[in-house]
Enquirer: 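Have a look at this one.
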Amino acid sequence: EVKKNFKNGYQIYTNALHVHLDEKLALESDLRKGLANDELVLYYQPKFSITGEKVLGIEALVRWQHPEKGLVPPGVFLPIAEETGLIFDIGSWVLKQSCLQMKQWQDDGGLQIPISVNLSSQQFHQMNFDQHIHAVLIETGLEAKFLELEITESMMMDAKTSTRTLQKLSDLGVKISLDDFGTGYSSLSYLKQFPINRLKIDRSFISDITNNDHDKAIVSTIISMAQHLKMDVTAEGIETKDQLDYLMQNESMEIQGFYFSKPLPSKDIESLYMKKAIV
Ligand code: C2E
Ligand code: MG
Ligand code: MG
Ligand code: MG
């Protein structure tokens with residue numbers, strides 16, 4: 001059974017994985033139609049300098065603007081897309097749309113910052129994924145250095161294939177971020193061998209950071225490890241001034257979270273953040 005509650009204008013489905021089979025089939029055929037009818041939309045969440053003065057990058061986050069159900073979050077439909085193989089079309093659409101949008105912001109507004117795109121495991125592991133990325137860059141005209149791909153530790157389980165794919169992507173000039181860092185199963189030797197540019201510290205280590213000594217220790221360890229490995233760091237899920245103040249000592253850290261900005265439609269990014277994004 002699908003539980004619904006209406007919060008913040010969103011329709012939130014809890015327990016998406018336990019949806020009944022018939023609900024799931026309905027959702028699948030709906031999603032297939034939705035994709036064909038251009039119902040997917042991208043929201044964009046800026047990433048800021050620690051002072052909040054500059055926008056250093058923008059992450060694209062997909063939503064489904066369902067004609068009756070409203071704005072459906074990715075946690076609801078991406079698992080179904082993954083089960084049914086729709087993830088390949090959705091993933092390609094997200095990539096192309098993200099690159100087009102950033103290219104347009106560059107051409108119209110002079111932006112010189114990267115767009116971050118989340119990848120699903122199947123997408124990352126598809127044959128010749130680097131060639132797909134190359135084709136999207138050519139088609140959209142975005143320079144490789146302005147595309148940042150977000151992968152997670154769990155996608156790197158097959159270390160040998162992953163290294164090869166990551167190396168090819170890195171040779172193209174795109175940037176690689178390790179998302180939700182600290183929650184997966186990555187061995188530290190992966191970090192050494194993968195060409196990774198950025199670690200994104202998972203929100204779960206941030207939420208209680210002002211009180212919890214273990215979280216403090218973990219976060220400062222990740223930061224100093226990243227520095228030694230010459231990787232950049234983003235803290236995700238900053239919601240309060242206290243969390244931000246705690247991180248203040250790390251001047252070079254990039255900050256993402258509701259405290260500075262929620263994910264927004266592209267028009268709102270343009271009206272609110274274009275000036276801050278021109279460094
Ligand atoms: P993620 O990549 O780790 O993205 C961060 C998620 O946390 C987003 O949820 C964002 O809205 C939310 N968030 C950001 N700041 C805060 C904060 O301060 N507090 C709280 N409570 N939440 C915050 P969203 O958009 O629902 O996305 C959830 C996940 O779905 C993403 O996690 C990502 O793994 C996946 N996802 C989103 N878009 C795509 C996509 O285009 N492709 C793929 N493969 N996955 C995507
Ligand atoms: Mg992400
Ligand atoms: Mg994340
Ligand atoms: Mg996360």
Side-chain angles (χ1 to χ4, degrees), residues 7-14 16-17 31 35 40-48 52 57-65 70-83 85-99 101-102 114-126 129 132-133 136 147-155 175-184 196-209 222 233-244 247 254-265 268-269:
K7 219 169 75 183
N8 307 326
Y10 277 74
Q11 196 172 35
I12 296 166
Y13 293 73
T14 45
L17 294 174
L31 182 55
L35 186 61
L40 294 186
V41 285
L42 292 182
Y43 273 47
Y44 299 92
Q45 189 178 31
K47 304 188 291 172
F48 295 84
I58 297 178
E59 179 173 4
L61 294 157
V62 71
R63 278 100 181 80
W64 178 14
Q65 186 65 64
L71 203 60
V72 185
V76 173
F77 65 91
L78 288 185
I80 289 160
E82 275 162 26
E83 267 180 57
L86 276 174
I87 193 68
F88 295 107
D89 286 347
I90 292 176
S92 296
W93 181 84
V94 168
L95 268 167
K96 184 176 167 192
Q97 195 56 37
S98 301
C99 292
Q101 178 63 83
M102 184 46 79
I115 185 92
S116 304
V117 178
N118 294 282
L119 299 179
S120 79
S121 179
Q122 295 185 58
Q123 202 183 0
F124 177 76
H125 290 292
Q126 81 195 81
F129 181 63
H132 177 55
I133 293 292
V136 171
L147 177 61
E148 186 169 271
L149 300 174
E150 295 198 0
I151 57 174
T152 57
E153 295 162 80
S154 56
M155 290 161 58
K175 300 282 190 293
I176 310 288
S177 276
L178 209 44
D179 205 355
D180 305 335
F181 185 71
T183 61
I196 288 166
N197 304 94
R198 175 181 299 281
L199 300 180
K200 292 187 79 174
I201 303 174
D202 190 67
R203 191 168 84 215
S204 59
F205 301 114
I206 303 293
S207 55
D208 200 24
I209 195 164
I222 294 175
V233 181
T234 304
E236 51 173 34
I238 308 294
E239 294 182 346
T240 68
K241 175 121 186 16
D242 285 350
Q243 291 165 348
L244 185 68
L247 293 168
E254 193 181 77
I255 299 293
Q256 191 177 25
F258 294 171
Y259 181 69
F260 282 137
S261 174
K262 291 193 169 179
L264 298 167
D268 296 342
I269 293 287

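Since we're looking at a predicted model, the values are computed, not measured. Both counts, for ligands and for their atoms, begin at 1 and track the order of listing.
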Enquirer: Of I255, I206, D179, which meets side chain to side chain contact (heavy atoms under 4.5 Å, CB included) against E236?
Expert: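 The residue from I255, I206, D179 that satisfies side chain to side chain contact (heavy atoms under 4.5 Å, CB included) with E236 turns out to be D179.
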
Enquirer: Got an N, O or S from E236 under 2.8 Å of the Mg ion (ligand 3)?
Expert: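 A backbone or side-chain N, O or S atom of E236 is under 2.8 Å from the Mg ion (ligand 3).
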
Enquirer: Just to verify, which of L78, V72, I80 counts as forming a side chain to side chain contact (heavy atoms under 4.5 Å, CB included) with V76?
Expert: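 So, applying the side chain to side chain contact (heavy atoms under 4.5 Å, CB included) to V76 and each of L78, V72, I80, only V72 qualifies.
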
Enquirer: Does any N/O atom on F258 come nearer than 3.5 Å to any N/O atom on ligand 1?
Expert: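 Yes - when backbone and side-chain N and O of F258 are compared with those of ligand 1, one distance drops under 3.5 Å.
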
Enquirer: Please determine if the Mg ion (ligand 2) has an N/O/S atom from N118 lying under 2.8 Å away.
Expert: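 It does; at least one qualifying atom falls short of 2.8 Å.
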
Enquirer: At under 4.0 Å between heavy atoms, which part of I87 makes contact with ligand 1: side chain, backbone, both or neither?
Expert: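 Looking at I87 and ligand 1, no heavy atom falls under 4.0 Å.
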
Enquirer: Would you please name every residue forming a side-chain contact (heavy atoms from CB on, under 4.5 Å) with T240, sequence neighbours left out?
Expert: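 side-chain contact (heavy atoms from CB on, under 4.5 Å) check on T240 returns D242, Q243.
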
Enquirer: With no hydrogens and no angle check, just 3.5 Å: does a side-chain donor-acceptor pair link K47 and S116?
Expert: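 Yes, side-chain donor-acceptor contact under 3.5 Å.
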
Enquirer: What N, O or S atom of E150 is found closest to the Mg ion (ligand 2)?
Expert: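 Atom name of the closest N, O or S in E150: OE1.
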
Enquirer: Show me which atoms of ligand 1 lie under 4.0 Å from any heavy atom of G257.
Expert: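 So the atoms of ligand 1 that pass are 15 (N), 18 (O).
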
Enquirer: Using a 4.0 Å heavy-atom cut-off, which part of E59 comes near ligand 1: side chain, backbone, both, or neither?
Expert: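 It is the side chain that gets close, since no backbone atom is under 4.0 Å.
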
Enquirer: Which of the atoms of ligand 1 are close to S120, meaning less than 4.0 Å from one of its heavy atoms?
Expert: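 Heavy-atom distances to S120 below 4.0 Å select 44 (N).
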
Enquirer: Please verify whether a non-hydrogen atom of E236 lies at under 4.0 Å from ligand 1.
Expert: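 Checking ligand 1 against E236, which is what was asked, there is a heavy-atom contact under 4.0 Å.
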
Enquirer: If only atom types and distance count, is the side chain of E239 paired as donor or acceptor with the main-chain N or O of G257 below 3.5 Å?
Expert: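 Looks like no, no N/O pair under 3.5 Å.
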
Enquirer: Test T234 against Q256 for side chain to side chain donor-acceptor pair (under 3.5 Å), laying out the working first.
Expert: CA-CA 7 Å; T234 304; Q256 191 177 25; over 6 Å; no

Enquirer: Quick check: does any side chain N or O of E82 sit under 3.5 Å from a backbone N or O of Q122, one acting as donor and the other as acceptor?
Expert: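 No; judged by distance alone, with no hydrogens or angles, the pair does not exist.
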
Enquirer: Would you say the side chain of L40 lies within less than 4.5 Å of the side chain of Q97, judging by non-hydrogen atoms?
Expert: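 In short, these two side chains do not touch, never coming nearer than 4.5 Å.
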
Enquirer: With a cut-off of 2.8 Å, does D180 put an N/O/S atom close enough to the Mg ion (ligand 2)?
Expert: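 Short answer: no, not a single N, O or S atom is under the cut-off.
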
Enquirer: Relative to atom 40 (C) of ligand 1, which among I255, V76, V62 owns the nearest non-hydrogen atom?
Expert: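 The option holding the nearest heavy atom is V62.
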
Enquirer: Pick one of side chain, backbone, both or neither for how L42 approaches ligand 1, counting any non-hydrogen atom pair under 4.0 Å.
Expert: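 The answer is neither; L42 stays 4.0 Å or more away.
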
Enquirer: Pull out every atom of ligand 1 sitting under 4.0 Å from any heavy atom of D179, numbered as shown with elements.
Expert: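 Those atoms are 1 (P), 2 (O), 3 (O).
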
Enquirer: Check the angle between the aromatic planes of F77 and W64 and answer parallel, tilted or perpendicular using the 30° and 60° thresholds.
Expert: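 F77 vs W64 ring planes: perpendicular.
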
Enquirer: Which atoms from ligand 1 have a heavy atom of Q45 less than 4.0 Å away?
Expert: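 Those qualifying, in numeric order: 14 (C), 15 (N).
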
Enquirer: Mind checking whether K262 contacts ligand 1 via backbone (N, CA, C, O), side chain (CB onward), both or neither, at a 4.0 Å heavy-atom cut-off?
Expert: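 Contact part for K262 vs ligand 1: neither.
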
Enquirer: Does only the side chain of T152 get under 4.0 Å from ligand 1, or the backbone, or both, or neither? Count heavy atoms.
Expert: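 For T152, there is no contact with ligand 1 at all, from either part.
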
Enquirer: Taking the side chain as everything from C-beta on, heavy atoms only, tell me whether Y43 gets closer than 4.5 Å to P265.
Expert: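 Yes. Closest side-chain heavy atoms under 4.5 Å.
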
Enquirer: Does E59 put an N, O or S atom under 2.8 Å from the Mg ion (ligand 2)?
Expert: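 Under 2.8 Å: E59 contacts the Mg ion (ligand 2) through an N, O or S atom.
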
Enquirer: How does P263 reach ligand 1, by side chain, by backbone, by both or by neither, if only non-hydrogen atoms under 4.0 Å count?
Expert: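 It is the side chain that gets close, since no backbone atom is under 4.0 Å.
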
Enquirer: Any idea which atoms of ligand 1 are less than 4.0 Å away from a heavy-atom of L78?
Expert: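 Those of ligand 1 that fall under 4.0 Å from L78 are 36 (N), 39 (C), 43 (C), 45 (N), 46 (C).
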
Enquirer: Heavy-atom distances under 4.0 Å are what count here, so tell me which part of Q256 touches ligand 1: side chain, backbone, both or neither.
Expert: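 It is neither part, as no heavy atom is under 4.0 Å.
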
Enquirer: Applying side chain to side chain donor-acceptor pair (under 3.5 Å), name anything that partners T183, two or more places apart in sequence or on another chain.
Expert: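 For T183 there are no side chain to side chain donor-acceptor pair (under 3.5 Å) partners, ignoring immediate neighbours.
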
Enquirer: Any sub-3.5 Å donor-acceptor pair from Q123's side-chain atoms to G91's backbone N or O?
Expert: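 Between the backbone of G91 and the side chain of Q123 there is a qualifying donor-acceptor contact (under 3.5 Å).
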
Enquirer: Ligand 1 and Q123, any nitrogen or oxygen pair closer than 3.5 angstrom?
Expert: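 There is no such contact.
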
Enquirer: Restricting to N, O or S, what is the name of the atom of D179 that lies nearest the Mg ion (ligand 2)?
Expert: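 Closest to the Mg ion (ligand 2) among those atoms: OD2.
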
Enquirer: Quick test of your reading of the model: are E59 and K200 salt-bridged, counting only N-O distances below 4.0 Å?
Expert: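 A salt bridge links E59 with K200.
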
